Amino acid sequence: MAAVSRPLRLQRYVVSPAGRHSASLIFLHGSGDSGQGLRRWIKQVLNQDLTFQHIKIIYPTAPPRPYTPMKGGISNVWFDRYKISNDCPEHLESIDIMCQMLTDLINDEVRSGIQKNRILLGGFSMGGCMAMHLAYRKHRDVAGVFALSSFLNKESAVYQALRTQEGELPELFQCHGTADELVLHAWAAETSATLRALGVRADLHSFPGLYHELSPGELERLRAWVLTKLPAGTGGHASEAGDVRAHGVSF
């Protein structure tokens with residue numbers, strides 16, 4: 001497969017906090033979506049934006065690349081896959097390229113005055129998988145990780161890294177529908193069990209009858225977890241948003 005050129009900067013959609021910015025949440029979309037598309041989907045499910053008084057939410061967009069499950073068609077995906085299954089090798093080259101690009105985004109937040117332990121990483125489907133690679137292989141000092149309708153392959157590089165490295169690990173919050181036919185609930189359960197055996201505090205929340213989708217209950221539970229990991233009033237700097245409730249900027 002031909003090499004994919006790396007854009008200089010990921011496009012991102014930002015929802016600013018209403019008040020003082022003291023923490024950041026990086027929310028990665030699923031395959032074929034965009035940052036703005038994910039934010040719009042969440043707003044539709046909740047009937048309002050997902051916003052916080054002190055937390056900035058960043059919705060980056062994966063750059064377009066050939067995607068093997070689409071027979072090489074171009075799609076906005078964080079990495080390539082040989083197939084959508086947990087029993088095949090990972091396309092580690094493309095995963096590692098994206099880890100570098102998302103590290104640039106994390107570093108932007110650190111340069112703006114947000115400490116690493118005040119940053120959460122997570123995503124839906126492929127975005128959740130990407131977040132687990134980013135946190136457990138590259139950024140173990142973040143506040144936590146969340147993975148919605150996501151999984152890791154059986155021989156994931158994440159597991160290999162956790163077997164050979166020591167130190168404190170970020171907590172993992174998982175949600176998954178029991179009726180998901182694209183990413184099986186059993187794959188998420190196996191991911192959770194394997195990570196727990198390797199020292200991760202992983203909490204899997206199962207939603208009966210939920211397919212490969214977001215639900216209001218899931219997002220409300222995520223919101224509550226986010227606030228336990230990123231409580232208000234710790235570090236950060238004044239938000240440029242002032243008294244604006246939220247706004248989006250795509251760049």
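As the structure is a prediction and not an experimental result, all values here were calculated from the model.
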Enumerate, atom names and distances included, each donor-acceptor pair closer than 3.5 Å involving a side-chain atom of residues 120-133, sequence neighbours excluded.
unit_1: Ser125; atom_1: OG; unit_2: His212; atom_2: NE2; d: 3.0
unit_1: His133; atom_1: ND1; unit_2: Arg137; atom_2: NH1; d: 3.2
unit_1: His133; atom_1: NE2; unit_2: Glu90; atom_2: OE2; d: 2.9

Could you tell me whether the side chain of [X] and the main chain of [Y] form a donor-acceptor pair under 3.5 Å?
{"X": "Ser75", "Y": "Val77", "result": "no"}
{"X": "Arg118", "Y": "Ser22", "result": "yes"}
{"X": "Gln160", "Y": "Glu155", "result": "yes"}
{"X": "Ser24", "Y": "Ile119", "result": "no"}
{"X": "Asp180", "Y": "His185", "result": "no"}
{"X": "Ser112", "Y": "Val110", "result": "no"}
{"X": "Asp80", "Y": "Thr68", "result": "yes"}
{"X": "Gln36", "Y": "Ser34", "result": "no"}

Ile58 reachable from Met101 in the ILVMFWY side-chain graph, under 4.5 Å edges: yes
Same apolar cluster: Ile95 and Leu152, side chain cutoff 4.5 Å: no
Test item: Leu172 and Ser192 side chains (from C-beta on) under 4.5 Å apart, heavy atoms: no
Heavy-atom check, side chain of Leu102 versus side chain of Leu10, under 4.5 Å: yes
Closest contact, heavy atoms only, [X] versus [Y]:
{"X": "Leu134", "Y": "Cys99", "answer": "CD1-O, 3.7 Å"}
{"X": "Ala188", "Y": "Ser150", "answer": "CB-O, 3.6 Å"}
{"X": "Leu169", "Y": "Val200", "answer": "CD1-CG2, 3.7 Å"}
{"X": "Leu230", "Y": "Ala23", "answer": "CD1-CB, 3.9 Å"}
{"X": "Asn76", "Y": "Asp33", "answer": "CB-O, 3.3 Å"}
{"X": "Leu92", "Y": "Ala157", "answer": "CD1-CB, 3.7 Å"}

Glu171: partners by salt bridge (charged side-chain N to carboxylate O under 4.0 Å, His left out), with sequence neighbours left out: Arg201, Lys229
Qualifying residues under salt bridge (charged side-chain N to carboxylate O under 4.0 Å, His left out), relative to Lys43, sequence neighbours excluded: none
Glu168 CD: over 12 foreign heavy atoms closer than 6.0 Å: no
Could you tell me the separation between the [atom1] atom of [X] and the [atom2] atom of [Y], rounded to the nearest 0.5 Å?
{"X": "Leu28", "Y": "Thr61", "atom1": "CG", "atom2": "OG1", "result": "10.0 Å"}
{"X": "Thr191", "Y": "His176", "atom1": "OG1", "atom2": "NE2", "result": "9.0 Å"}
{"X": "Tyr211", "Y": "Ser149", "atom1": "OH", "atom2": "OG", "result": "13.5 Å"}
{"X": "Asn86", "Y": "Thr194", "atom1": "CG", "atom2": "OG1", "result": "9.5 Å"}
{"X": "Ile42", "Y": "Leu214", "atom1": "CD1", "atom2": "CG", "result": "6.0 Å"}
{"X": "Ile106", "Y": "Arg111", "atom1": "CD1", "atom2": "CZ", "result": "11.5 Å"}

Test of ring centre spacing under 6.0 Å for Tyr82 and His91: yes
Aromatic ring proximity Tyr159/Tyr136, centre distance under 6.0 Å: no
Of Trp78, Trp41, Tyr59, Tyr13, the residue whose pairing with His29 passes ring pair (Phe, Tyr, Trp, His ring centres under 6.0 Å): Trp78
Geometric class of the Phe173/Trp225 ring pair [parallel <30°, tilted 30-60°, perpendicular >60°]: parallel
Verdict with reasoning, Arg221 to Glu218, per salt bridge (Lys or Arg N to Asp or Glu O under 4.0 Å): CA-CA 5 Å; Arg221 191 169 292 190; Glu218 174 184 36; over 6 Å; no
Electrostatic pair Arg9:Asp104 at N-O distance under 4.0 angstrom: no
